Amino acid sequence: MKHRRLKRLWQFFFTGWGLVMVVALIAGALFSKQLLWTPISAINMTDIVTNQFKMSGASFAGTDTNGEPFKINAKSARQEYNYPDIIFLEKVSGTVNRISNKEKITDNISANSGKYNKKTKTVTLLNNVKIDSSNGDKIRTDELVIKL
């Protein structure tokens, strides 16, 4: 009687885990178009532990405190557990509108990276920051803070 229970238990775990492994291998082959064996030591646990979420092709839009529309795109965005109010951006681009001398100006922005602070509603653009304005102004700098 005991032997039969152990045999069933063994078959349950063996069949269940065997099925899980087959599904994982098939899914991996379909997503990567090739079969790769990745040892657990190769997984970047620091990235998994620090990043709350990570997105590709991130985009957000809204209106600033003056009611002017803005739109910001990023190749990727991530939020870290240690900084819940900050969204870190990579390859940033977008448009910001502003009023200067009763004239509406559209600024096309781009930067290698940036940070959006949800609490202070500011975007800090970093590294190779470029702004081309509709009135002909151009700005090139390493850091720029935009208050939304």
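If you're wondering where the values come from, they're calculated on a predicted model, not measured in any experiment. The first residue in the sequence is number 1, and the count goes up from there. Below, all heavy atoms of this structure are taken into account, side chains as well, without hydrogens, waters or symmetry copies.
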Partner of D107 by salt bridge (Lys or Arg N to Asp or Glu O under 4.0 Å), out of R98, K130, K71: R98
Test of understanding: with side chain to side chain donor-acceptor pair (under 3.5 Å), list the residues that count as partners of T106, not counting sequence neighbours. N97
Below 30° counts as parallel, above 60° as perpendicular, anything between as tilted: where do the rings of F60 and Y116 land? tilted
Sequence neighbours excluded, which residues qualify as side chain to side chain contact (heavy atoms under 4.5 Å, CB included) partners of I99? E68, K104
Identify the two heavy atoms, one from Y83 and one from Q79, that lie closest to each other, and give their separation to 0.1 Å. O-CG, 4.1 Å
When you look at I72 and V92, which way does the side-chain contact (heavy atoms from CB on, under 4.5 Å) test go after all the steps? CA-CA 7 Å; I72 297 177; V92 184; 3.8 Å; yes
S59: partners by side chain to side chain donor-acceptor pair (under 3.5 Å), with sequence neighbours left out: N73
Stepwise side-chain contact (heavy atoms from CB on, under 4.5 Å) test for L125 and I146: CA-CA 8 Å; L125 301 173; I146 300 172; 3.9 Å; yes
Return the CG to CD1 distance between L144 and I131, rounded to the nearest 0.5 Å. 4.5 Å
To the nearest 0.5 Å, what is the distance between CZ on R78 and CG on L89? 9.0 Å
Could you note down all residue pairs passing salt bridge (charged side-chain N to carboxylate O under 4.0 Å, His left out) where residues 138-148 supplies at least one of them, sequence neighbours left out? D132-K138, D132-R140
Output all residues satisfying side chain to side chain donor-acceptor pair (under 3.5 Å) with T122, sequence neighbours left out; order by chain, then residue number. T120
Between the main-chain N or O of A74 and the side-chain N or O of E90, is there a donor-acceptor pair closer than 3.5 Å? no
Do V96 and I139 share a hydrophobic cluster, counting only Ile, Leu, Val, Met, Phe, Trp and Tyr and linking them when any side-chain heavy atoms are less than 4.5 Å apart? yes
Smallest heavy-atom separation, K115 atom then I86 atom, equals CB-CG2, 4.0 Å
With sequence neighbours left out, write down each residue that passes side chain to side chain donor-acceptor pair (under 3.5 Å) with D137, or none if nothing qualifies. N135
